[in-house]
Amino acid sequence: MSRRRKNLLTVLGCTLLGAGAQVLFKLAGTALGPSPNPMAMIVCLPLIAGYVLYGISTILLSFALRNDELSSMYPIISLTYVWVMFLSVWYFHESLNSYKVLGVAVIMGGVAVLGSPGNSDPAKGGSPPS
Amino acid sequence: MSTSLLSLFLVVVASFIGSFGAVFLKAGSKNLKSNLKSLFTNYHLAIGGLLFVISSLFFVKAISQPGAELSVLYPMVSMSYLWAMVWSRVFFGEPFTRQKFTGLGLIVLGIAILQLGKSNP
């Protein structure tokens with residue numbers, strides 16, 4: 001498998017792990033209530049599991065992004081919004097409507113524009129600090 | 001129940017703190033090699049990670065509020081791109097471009113559209 005393909009798959013995996021972490025955070029939030037005490041947070045399993053997924057995802061992402069062009073990775077990273085929207089509706093029975101779908105689509109468009117090759121690519125150094 | 005203003009505010013704070021985390025990750029990534037030692041001895045990465053943890057505490061607080069919708073609050077984390085553009089210029093000298101403004105304009109528009117989709121109180 002080429003290095004590029006490997007990086008793409010890693011980033012895709014990171015979006016799934018990241019979305020999983022959000023679901024665990026929401027579960028933790030529901031269990032802990034609006035004003036949790038610190039002790040309850042430290043022993044809250046969904047919270048700990050959420051942090052583990054989030055941590056793994058962040059570390060893998062920073063390795064995958066290290067040498068690759070951010071432009072092609074940005075739109076993939078924004079897939080996390082799609083997974084979270086899907087999981088929110090499916091698992092937490094949140095309402096799904098055209099505003100939510102359109103909102104996420106427009107945000108993803110914005111992220112894609114931000115990362116598209118015309119921009120000075122921070123992965124390639126950008127301009128030197130002034 | 002509906003996603004409250006308090007939740008929205010907490011997510012904005014979370015994205016603001018998280019964007020500083022990204023600044024430290026960027027600073028630390030220069031010294032990153034493909035071995036675990038370089039990962040754990042890199043204090044920029046450690047500070048970046050700590051800021052992400054603090055940021056996520058605000059996010060957890062936001063989604064813990066009664067009626068908070070993950071489907072509305074999570075996409076709002078994209079606000080961190082807005083802060084990141086400012087810090088990239090301040091700390092790394094990366095220029096503002098029309099393209100960045102276009103992308104961020106779309107992100108802000110998307111967040112505004114999402115607000116219309118909140119479930120009714």
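Just so it is clear: chains get the letters A, B, ... in the order the sequence lines come, proteins before strands, and each one is counted from 1.
- The contact between A/M41 and chain B is made entirely by side chain atoms (from C-beta outward), counting heavy-atom distances below 4.5 Å.
- With a 6.0 Å radius and a threshold of 12 heavy atoms from other residues, nucleotides or ligands, B/F20 has its CZ atom above the threshold.
- Ranked by heavy-atom pairs under 4.5 Å with chain A, the first of B/V72, B/L104, B/I63, B/V77 is B/I63.
- Of residues 79-87 of chain B, those residues lying under 4.5 Å from chain A by any heavy-atom pair are B/Y81.
- At least one side-chain heavy atom of A/S35 sits less than 4.5 Å from a side-chain heavy atom of B/K61.
- Contacts between A/L87 and chain B at a heavy-atom distance below 4.5 Å are absent for every atom of the residue.
- The residue among B/G48, B/S64, B/S7 with the most heavy atom pairs within less than 4.5 Å of chain A is B/S64.
- Contact annotation: the side chain of B/F59 approaches that of A/Q22 to within less than 4.5 Å [non-hydrogen atoms, C-beta and beyond].
- You'll find the side chain of B/Q99 reaches within 4.5 Å of the side chain of A/S116, heavy atoms only.
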Show the atom names and distances, to 0.1 Å, of all donor-acceptor pairs under 3.5 Å that link a side chain in residues 76-86 of chain A to residues at least two apart or in another chain.
residue : atom : partner : partner atom : Å
A/S78   : OG   : A/P75   : O            : 2.8
A/T80   : OG1  : A/I77   : O            : 2.8
A/W83   : NE1  : A/T15   : OG1          : 2.9

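- Contact between B/P75 and A/V104 at its shortest, heavy atoms only, is CG-CG2, 3.8 Å.
- Listed by sequence position, B/I107, B/L109, B/G110, B/I111, B/I113, B/L114, B/L116 are the residues of residues 107-116 of chain B in contact with chain A, using a 4.5 angstrom heavy-atom cutoff.
- Nearest approach of B/S56 to A/Y54, heavy atoms of both residues: CB-CE2, 4.5 Å.
- Scored by the side chain to side chain donor-acceptor pair (under 3.5 Å) test, B/S71 finds A/E94, A/K100 as partners (sequence neighbours excluded).
- Residues A/L114 and B/K100 have side chains in contact (heavy-atom distance under 4.5 Å, counting atoms from C-beta outward).
- The two residues A/S95 and B/G117 make their nearest non-hydrogen contact at OG-O, 4.3 Å.
- Listed here is the closest heavy atom pair of A/K26 and B/A68: NZ-O, 2.7 Å.
- Hydrophobic clustering (ILVMFWY, side-chain heavy atoms < 4.5 Å, transitive): B/V11 and B/L5 are in one cluster.
- Here the closest heavy-atom approach between residue A/I107 and residue B/S78 is recorded as CG2-OG, 3.6 Å.
- Around OH of A/Y51, the count of heavy atoms belonging to other residues, nucleotides or ligands within 6.0 Å exceeds 12.
- In A/F92, the CZ atom is crowded: over 12 heavy atoms of neighbouring residues, nucleotides or ligands sit closer than 6.0 Å.
- Transitive grouping of hydrophobic side chains (ILVMFWY, heavy atoms separated by less than 4.5 Å) brings A/Y91 and A/L53 into a common cluster.
- In this structure, chain A has no heavy atom under 4.5 Å from any part of B/L6.
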